[in-house]
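Heads up, the thing below is written out as structure tokens.
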2 protein chains.
Amino acid sequence: MGVTKTEAYTERQLRRANLCKALGHPARIAILEHLLAADCCICQDLTGVIDLSQPTLSRHLLVLREAGLICGTVKGNSRSYCIGRERWEIARKEMSSFFGELSACK
Amino acid sequence: MGVTKTEAYTERQLRRANLCKALGHPARIAILEHLLAADCCICQDLTGVIDLSQPTLSRHLLVLREAGLICGTVKGNSRSYCIGRERWEIARKEMSSFFGELSACK
DNA sequence: CTTCAATATAGTAATATTGCTATATTGCGA
DNA sequence: TCGCAATATAGCAATATTACTATATTGAAG
């Protein structure tokens, strides 16, 4: 039905899945890569970097913001986005621990 | 349109996004956690562990298989799934390097 | 105050995803 | 062979996602 039965899962499973879901689009990966490379802050040179319309980019930025992966501060008329350091670190650990769960199975 | 403009991105961006997309559902996270905990191989006790119908679980398993995160070997009438070690390791590195890109910005 | 530039939101259309039930497929044992 | 058990696939319905154009919002400059 396109709707996920969220009530059936643990908090951690939902956290992990939601994090991955936010990262699950190349435009959002591209935005993050850009922010990682470009000293952390930027507004909308993205329209020049990623081949999507401004509103579409705005939507992707919203998804990333809701996931806490970036934060945007108002800077006059424009918004300056940067990596959300704290959440980024949490996400890094979350993924790291997930992938690290594979140890000594046969 | 629900359709992603894949042609606009780098190989790496698409790889990263596709990996995350495959992980972007709690049922798939739950399946992987189960496989990680349960010595690597299992068929369909999943129906007893995750509250979804057998066909729905089968679909999720397919997504994970297509992503290479698990592999299933036929074992008589049933299929025995386990973590796809090589791809898992690649995915771990992929994610690790992605999250590691944040170094010494301000 | 008016205008412009930068974003965000509304509205819309197309496709993707999720999940179900019903049905096929496939191997094993009687 | 026949039927059962374990999966997979087909078909369907509902919701989510992606992306567009058009429009609203908001701050700065004149």
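Letters A, B, ... are given to chains in the order of the sequence lines, protein chains preceding strands, and every chain is numbered from 1.
- Between A:Ser58 and C:dA8, a side-chain N or O to OP1/OP2 separation shorter than 4.0 Å is present.
- Atom CG in A:Leu46 sits roughly 16 Å away from atom C1' in D:dA19 (whole-Å rounding).
- Judged as a salt bridge (charged side-chain N to carboxylate O under 4.0 Å, His left out), not a single pair has a partner in residues 62-74 of chain A (not counting sequence neighbours).
- Of the candidates C:dT7, C:dC20, D:dA19, the closest approach to any side-chain atom of B:Arg59 belongs to C:dC20.
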Expected rows: protein N/O vs nucleotides 25-29 of chain D N/O, under 3.5 Å:
{"residue": "D:dT26", "atom": "O2", "partner": "A:Asn77", "partner atom": "OD1", "Å": "3.1"}

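- Without hydrogens or angle criteria, A:Lys5 side chain to B:Asp51 main chain gives a donor-acceptor distance under 3.5 Å.
- Remark: A:Lys5 in residues 5-18 of chain A come within less than 4.0 Å of DNA chain C through at least one heavy atom.
- Remark: P of D:dT17 and NE2 of A:His60 are 12 Å apart, rounded to the nearest angstrom.
- Judged as a salt bridge (charged side-chain N to carboxylate O under 4.0 Å, His left out), and not counting sequence neighbours, B:Arg28 has no contacts.
- In this structure, B:Arg87 has no side chain to side chain donor-acceptor pair (under 3.5 Å) partners at least two apart in sequence or on a different chain.
- For DNA chain C, the neighbouring residues in residues 48-55 of chain A, judged by any heavy atom under 4.0 Å, are A:Gln54, A:Pro55.
- Phosphate proximity of C:dA8 to A:Tyr81: present, with a side-chain N or O under 4.0 Å from OP1 or OP2.
- B:Thr4 comes within 4.0 angstrom of sugar-phosphate atoms only, judged by non-hydrogen atoms across all strands, and of no base.
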* To do: Dump the intermediate steps for salt bridge (charged side-chain N to carboxylate O under 4.0 Å, His left out) on A:Lys93 and A:Glu86, then the final yes or no.
  => CA-CA 11 Å; A:Lys93 283 176 184 156; A:Glu86 328 73 42; over 6 Å; no
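- A residue-by-residue look at A:Thr56 and B:Lys21 shows that A:Thr56 has its nearest nucleotide of DNA chain C further toward the 5' end.
- OP1 or OP2 of C:dG19 lies within a sub-4.0 Å distance of a side-chain N or O belonging to B:His25.
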